[in-house]
Structures are given as C-alpha cells and as structure tokens.
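In what follows, a structure is listed as structure tokens, so that the remarks can point back to it.
This chain uses plain numbering: 1 for the first residue, then up along the sequence. First listed ligand is number 1; within each ligand, the first listed atom is number 1. All values derive from a computational prediction rather than experimental measurement.
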Amino acid sequence: MAAIRNSDGAPRNLRAEFVETARAHLIQPWPVAGEIGAEARSGIIAGDGIYVTDIEGRRLIDGPAGMWCTNVGHGCEPIARTLYDQAMALSYSSPWYTVSEPSARLSKRLAAHTPGDLDHVFYTTGGSSAVETALRFMQFANNVQGRPNKKKIVSRQGGYHGSTYLSASLNGRPRDHDWMDSAGDMVIKLSCPNPFRRPAGMSVEAFCAMLVDEFRTTIETHGADHIGAFVAEPIMASGGVIVPPGGYLAGMRELCRDNDILFIADEVVTAFGRLGHVFASQEVFGIEPDIITFAKGVTSGYFPLGGAMISAALLEKLRQSNHSDAMFAHGLTYSSHPIGCAVAETNLDLLEGGLLAHARDTAPYFQAQLKTLEDLPLVGEVRGLGLMACVECVADRDSNNPLALDLEVGKRIDAHCQQLGLLVRPLIHMCVMSPPLTVTRAQIDDLVSILRRGITLTQDELVREGLWKG
Ligand SMILES: Cc1ncc(COP(=O)(O)O)c(C=O)c1O
C-alpha cells in the first residue's frame, strides 16, 4: 500500500495524527484546568495478552491492566467472538419492559459466587453507577422502612468509589475535593486504614483497634438511626493498594450488623480474579456484606458493565413493607445489556476455567518479586495482595515522609519505564501494579526488572538535579 504523504512529500504519520485530533477535540478524564480539552496523552494502538503497543511501536507490559480491568488480557478471542455473536443475536433489549437470556443466566452464575444470601443483582454501566445504585437503594430501603433519617454514609479517607455525584462524594484521596462540589453533608469520613502510616510507635493491632473504635464513636456521636451505610473497598485500590490490618473489616462488619447499618463492599477492583476469587469479601476477608458492588473485571474491560449484588433478606423486607407501591425510581438504559452480560459469561468461563487458579498460584511470586524493590533508597514500602501491588516512594525512609516532589517522582518513573517497556500507573508518588491475570513468572521478572531500572534512573536523575539527597 502506498504511503499517504504530506504536501512536502514526507510520509504522513496517521497514528500520530490521532493524538493531535484528541488534543483538539477530546476532553480526557481527570484533566487539570490549564490543559483541559487540549491534552495529548500517550497514544496506544494495539493490545495482545499482557502487552499494549504505543504510538512509537513500543510493546509495553500493561502494568495496571488498563484501569485494573483487562483481567483476561488483551486480544482475547473467545470474548471477541462473544461480542460479535451476541450483537448479531440480540444487540439490545430494554430492561424496562423485557429480560434477555444472557442477563438472566449471568445473574444466576454471579449469585453462585457471592457470600450468604447476596443472590440478586442490579446491573449498571460501570463502577460509579454500581456504587450510586447501592447508595440510592439504601436511601430507598430506609424510606420504605419508615426511617427517613437513617441515610448518612460512612466512607474512609483514601478511598475511591467513582465519579458520579454521590459516589464521588465518598472519595477521600488528596485533591479529590479541592475544586469539586460534593454531597459532603451526607457523608462521614473515617481514617484511612493504612498500616504503613499508622501513628509512630503503635502496633498494627492497636492501630486496628483504634480504627474500629473510631467507627464505634462515630456511630454513637451521629446516632445509629442516622447512619444508613458503611462503604469500603476491601483493599483500597486507587488510594495506593492499602491492605487493612487483619481483623479490621470483620470489626467494621460487626459494628454495622449491631447497628443495622448496611455494609457495602465496593469490589469494583478486588472482584473477578484480582485476588484469586470471583468475589473477595468472604473468600479472602471472611466477611459477608449486605451489598457488593462490582464492575471492571466482570467483562475484563471489553464492555462497560457493573452491578450491585443485594441481599435477598433485604429485598424480602421491602416486599413485606406497608408500601408495596413505593417505587425504586432508578434504572439505566444499559442496565442488563445483553452484550455486556454475554461477555461477562465468557469472562466467567475463562476465570472458572483456570484463570482464578493461575492468579492464586502466581500471586505469591508476584508479591515476592516486587518486594525486592524495597532495597532501593527511594522505595518506602512495597505492599499488596493477590495480583495488585503498590510501590510507594518516600523521601526519607526513617520518617517515611512522602516526597516533597511527589508528583514529579511518579511521572519520572512512568516516563523511564515507558521507554523500557512497561506502562506504570503513577499515583502521585506511588506506582500501582496490577497486570492482566494471565501474567507468567517470566513476565513478572521482566516487569520487576524494568521497574527497578525505571526507579534507579529516577533516583539518579533526582540526585543529579539536586532535588533529592539519596
Ligand atoms: C473501588 C472503585 N469503585 C468504583 C470505581 C468507579 O468505577 P467506574 O470508573 O467504572 O465508574 C472505581 C474506579 O476506579 C474503583 O476503583
């Protein structure tokens, strides 16, 4: 095929052009005002397995699996076939008036994996809408049960639950609310359960007791009759892969049960294999939530789908209430989308057919290899569980201070790693690694050695520029 040429005769780089087109017309998520609607982010043109190819033709390990979502990896043929087959069989049917076979079949399969009686699902279009659904359901349920004041929502500093108004109001990461409005009066924030940042000299056990006590005091202060739900990621993902102290989630669960507060486990990241199980709440943490929200890995990112698994007992209470005509006025055009549900079924086939076992088998090696990076002076802690981990950089290991130049560090490591063949997802001064679950030991070796080189180059650069003493 003859090359398309510019007026000066030079071959036109069509692939680079799309990045410029994006700069001219696309508003990217989480932009800063100074660049909004005018950004050229890295151009990605292809994906296969755990790799993506960037605009320069470099093959990069997809360190964050997209956004913790491409669990079965890129270019998965069975899923591609399902997308085509389902689109040809039935591309859409309205969940307002009809039910499609894939959505019904999937609901039964999901129910088989949930703890306790969480055997009903409300499908959404992603994670934010799943959390939003769970919260609106809590409000509706309390209205129907005649306790309209029991609606405050408890979340944690460091958490992330989405970008719709109410779900975003729960977020607690630095900068989340600096320039954005939120339903702050509806939300109470507890401390972040990050053992790495516990008060100096305190044991992890005492830290855990302190956190549970904080929730107990909060319930006493606001009154259990004013608190409707506690929402928690079993492992805080975007907050930096924060694995809470052992016993923390069980303690919080018990307080919820004692005070009739719904425990909503936001498993948008931790479900569908990231921790080696379809859902992690019970299998990994031994807790039985009232609601589990999910998205991302349910379709491995091949189709936007999410949902909320809801306790049968809770639904029964509503059916038995005095307000059988009260309407849960909530639904999305793409709830129960037949293509999304069919993709989720094929995705589940792959997970059940060996990928969950592979993830469980590979996880200890993944964690151990990443842990070796702790010998680098810039690295304060490597932590994680399953196939999710975070490398946190610190300015001073003795005090574990975050780097004053925190933003710089993530960006620099990312830039070096991209040159070397790894896509990093820098979260300020933290590098989060959550590759597709298909990752092999040899690929983990590559990932870790590139990350080591990227961090080493960043260290050298910071010292050379006089920004860090090393
Ligand atoms: C734990 C958690 N909940 C909710 C969301 C929001 O999901 P979505 O971006 O699909 O709306 C995310 C996204 O990263 C998440 O990590």
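- The option with the heavy atom closest to atom 9 (O) of ligand 1, from among P304, S163, S128, G162, is S128.
- Annotation: atom 3 (N) of ligand 1 to nearest protein heavy atom, D266 OD2, 2.7 Å.
- Every pair tested for side chain to side chain donor-acceptor pair (under 3.5 Å) that includes a residue from residues 228-238 fails, sequence neighbours excluded, so the list is empty.
- The aromatic rings of F328 and F122 lie perpendicular to each other, with more than 60° between the two planes, well past the 30° mark.
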Checklist entry - Yes or no on side chain to side chain contact (heavy atoms under 4.5 Å, CB included) for Y160 and V269, after CA distance, side-chain angles and deciding distance? => result CA-CA 11 Å; Y160 182 74; V269 170; over 6 Å; no
Checklist entry - Can L110 and Y123 be said to form a side chain to side chain contact (heavy atoms under 4.5 Å, CB included), step by step? => result CA-CA 11 Å; L110 292 175; Y123 293 116; 4.0 Å; yes
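- Heavy-atom proximity to G127, at under 4.0 Å, picks out these atoms of ligand 1: 6 (C), 7 (O), 8 (P), 10 (O), 11 (O).
- Using a 4.5 Å cut-off on side-chain heavy atoms (C-beta onward), P193 and L249 make no contact.
- When heavy-atom distances to ligand 1 are checked against a 4.0 Å cut-off, Y160 comes that close through both its backbone and its side chain.
- Atom 16 (O) of ligand 1 has its closest protein heavy atom at V269 CG2, 3.4 Å.
- Counting heavy atoms closer than 4.0 Å to ligand 1, residue H161 contributes backbone atoms (N, CA, C, O) but none from C-beta onward.
- The side-chain hydrogen bond (donor to acceptor under 3.5 Å, both in side chains) search around D260 returns R147, not counting sequence neighbours.
- The protein non-hydrogen atom at the shortest distance from atom 14 (O) of ligand 1 is K296 NZ, 2.9 Å.
- Atom numbering of ligand 1 starts at 1 in the shown order; those under 4.0 Å from a heavy atom of E233 are 1 (C).
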